[in-house]
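Letters A, B, ... mirror the listed sequences (proteins, then strands); counts begin at 1. Side-chain atoms are counted along with the backbone in the values below, which use heavy atoms only and exclude waters and symmetry mates.
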There are 2 protein chains.
Amino acid sequence: MSLRHALLGLITDEPASGWDLTNRCAEIFGPVWPAGHPQIYGELSRLTADGLIEVDHEGPRRRKVYRVTDTGTAELRRWLAQTDTDHTMRFEPLVRAFFFQHMTPGDLTGHLGREARYYREQADKYRELAAAKDRGDYGDSPRTHAMRITVEAAVRLFGALADWAEWAQTATPLTAPRAEGDRHPADPPPPE
Amino acid sequence: MSLRHALLGLITDEPASGWDLTNRCAEIFGPVWPAGHPQIYGELSRLTADGLIEVDHEGPRRRKVYRVTDTGTAELRRWLAQTDTDHTMRFEPLVRAFFFQHMTPGDLTGHLGREARYYREQADKYRELAAAKDRGDYGDSPRTHAMRITVEAAVRLFGALADWAEWAQTATPLTAPRAEGDRHPADPPPPE
DNA sequence: GTTAGACATGTTCTGATAGACATGTAAATC
DNA sequence: GATTTACATGTCTATCAGAACATGTCTAAC
C-alpha cells in the first residue's frame, strides 16, 4: 500500500486538499501509480485518524486542507530509508509481449508502432514535467535536484521501451524458423 | 485482469498443470506480473468453466493437465490484437523516487546502490533466460524470435533503471541549492 | 519403515482497487 | 436569470490480489 506514502510525501511537500492530491497524483505519478479519488479520500481519512496528517477547513467552500504532522514526517522518512522495498512492476504490455509469436507479422508491427508512440509520449511528458519545474511553474519550493533525478528515471524507463518497440518493429518480421508441425495460428490450414 | 490471458498464452504454448504454470509464471513473468498459486488455480477453474481450456487427468497422482481449446486460441488472438491496451505500470520505486529530497545524501546513495544492483540482476536474469532459450534448454517449440524480442524489452527496461540508479548515485550528492527557510528534514534544527 | 523434500491442489480471509453512484458550490459565460 | 464548467467531497459495491491456512502424494535418502 504505497498510496499512503505517496500522499504523505505530497502533503509533506506542501499542504493540499483531496482534490489537489487527486490531480497531482494523476499528473505526477500518472501510469506508475494510478489512484482514483475514492481511494485518495479514504486514505486521507485513515492518515488523519492515525495522526500522520491533520486537517484545516479553508475558504467559504468546505475545502479541507491537509498538513503533515511530525509523526507523519517521521513515517515518511522511515518508509524512504527502508531497505526491503517492493520491486514488483505490474506491467501488462510486457506480459503481452511474451505471446507476440501468436500474432501475424502485420498485426505485430502495427501493435509495436502504437506502443512506440505511446512510450515516446510518456517520456516526453516527464521531460516536460522536469522542464516546467526548472521554469518554476509549480511554486518551486524544495524539490529541484531530486525531482530531476526521478524524472530522469521515468524518462529512461519509457525511453528504453520506446527504443525497444522501434527496434522490434524493424528487426522482426516474425520469420523465425519454426519446428515441424508447429503452425502459426494465423497460417492457413495445411492441405490434407 | 491479464493473468487470464497470461495463463491462456502459456497453455497455448504447451499443455501444463497448475503447478507448472505457477512456476513458469514466477520464472518468466517474475516481477512484471506476479501471481501466486491461489490466483492461478482460481483462474484455471474459470477458464475451464468458460470453455477456453480443457483438462485431462494424468499419471497416478491426480495431476491436472490443461490444454487450450479452439475458443481459447481465438480469445488469445483477440486479446493480442486489441488496440486499447492498458499501459499502467504500477511501480513503487518510482513513486518513492519522487521523495528522494527527504532523504539525507548518505541514505540516498546507499539506497540507489541497492537499487542499481537489483535492476542489474533483473536485466541479467532476462539475458540469461534468452541465452537458455537459445541453447534450447526449454524444450524449445515455437517461441524463439518473439521470445527474444520480449526478453530484449525486459533487459532494456531493467537496464535503463540500473543505468539511472548508477548515474544518480554519482551525479547527485543532493546538494541542490535550497530556498530560504527550506530546511531538509534531516538537517539539525537551526539555532534559536 | 520413516522421514524429508519436492510435487500438487485447493480454500479462506483480508485488504486494495476501480467503477458507479451521489451531492453540492463557485465562477464564468450566455 | 440560466446554464455550463470546474471545483470539491464523499459512499457503495464488485472484483482482484496476497497471505495464510489446509491437505495430500511421490521419491529418494537414511
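- In the set dT17(C), dG10(C), dA8(D), the nucleotide with an atom closest to the side chain of Tyr66(B) is dG10(C).
- Look at Arg117(B) and Glu121(B) and you find no salt bridge, because none of the NZ, NE, NH1 or NH2 atoms lies under 4.0 Å from a carboxylate O.
- Remark: C1' of dT25(D) and NE2 of His57(B) are 16 Å apart, rounded to the nearest angstrom.
- Comparing atom distances between the His37(A) side chain and each of dC16(D), dT9(C), dT9(D) picks out dT9(D) as nearest.
- One atom, CZ of Arg46(B), and another, P of dT11(C), lie 11 Å apart when rounded to the nearest Å.
- Among the nucleotides dA17(D), dA8(C), dA8(D), the one closest to the side chain of Gln39(B) is dA17(D).
- Classification of Glu75(A) and Arg78(A) as a salt-bridged pair holds, one side-chain N sitting under 4.0 Å from a carboxylate O.
- With His87(A) as reference, Tyr119(B) is the one residue of Phe91(B), Phe158(B), Tyr119(B) to meet the ring pair (Phe, Tyr, Trp, His ring centres under 6.0 Å) rule.
- In terms of position along DNA chain C, the nucleotide closest to Asn23(B) lies nearer the 5' end than the nucleotide closest to the other residue of the pair Ser45(B) and Asn23(B).
- Between the P atom of dA8(C) and the CG atom of Asp20(B) lies a distance of 7 Å, rounded to the nearest Å.
- Distances shorter than 4.0 Å separate none of the side-chain N or O atoms of Tyr41(B) from OP1 or OP2 on dG10(C).
- If you measure from atom CH2 of Trp33(B) to atom P of dA17(D), you get 7 Å, rounded to the nearest angstrom.
- Looking at heavy-atom distances under 4.0 Å, Pro38(B) makes contact with a base.
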In residues 33-44 of chain A, what donor-acceptor pairs under 3.5 Å come from side-chain atoms, sequence neighbours left out?
| residue | atom | partner | partner atom | Å |
| --- | --- | --- | --- | --- |
| Tyr41(A) | OH | Trp19(A) | N | 3.4 |
| Glu43(A) | OE1 | Arg46(A) | NH1 | 2.9 |
| Glu43(A) | OE2 | Arg4(A) | NH1 | 3.0 |

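- Comparing dT9(C), dG10(C), dA8(D) against the side chain of Trp19(B) picks out dT9(C) as the nearest.
- For Lys64(B), taking side-chain heavy atoms from C-beta onward, the closest of the listed nucleotides dA18(C), dG10(C), dA8(C) is dG10(C).
- A straight line from CZ of Arg24(A) to C1' of dA8(D) spans 17 Å, rounded to a whole angstrom.
- Using a 30° and 60° split on the angle between ring planes, Phe98(B) and Phe29(A) fall in the perpendicular class, above 60°.
- In terms of position along DNA chain C, the nucleotide closest to Val65(B) lies nearer the 5' end than the nucleotide closest to the other residue of the pair Val65(B) and Thr88(B).
- Rounded to whole angstrom, the span from the CE atom of Met89(A) across to the P atom of dA17(D) amounts to 17 Å.
- The nucleotide whose nearest atom lies closest to any side-chain atom of Arg90(A) is, among dG10(C), dA17(D), dT11(D), dA17(D).
- Gly18(A) comes within contact range of the sugar-phosphate backbone alone, with a heavy-atom separation under 4.0 Å but no base atom that close.
- Distance CG (Leu44(A)) to P (dA16(C)): 15 Å, rounded to an integer number of Å.
- In this structure, the CZ atom of Arg63(B) is 13 Å from the P atom of dG10(C), given to the nearest Å.
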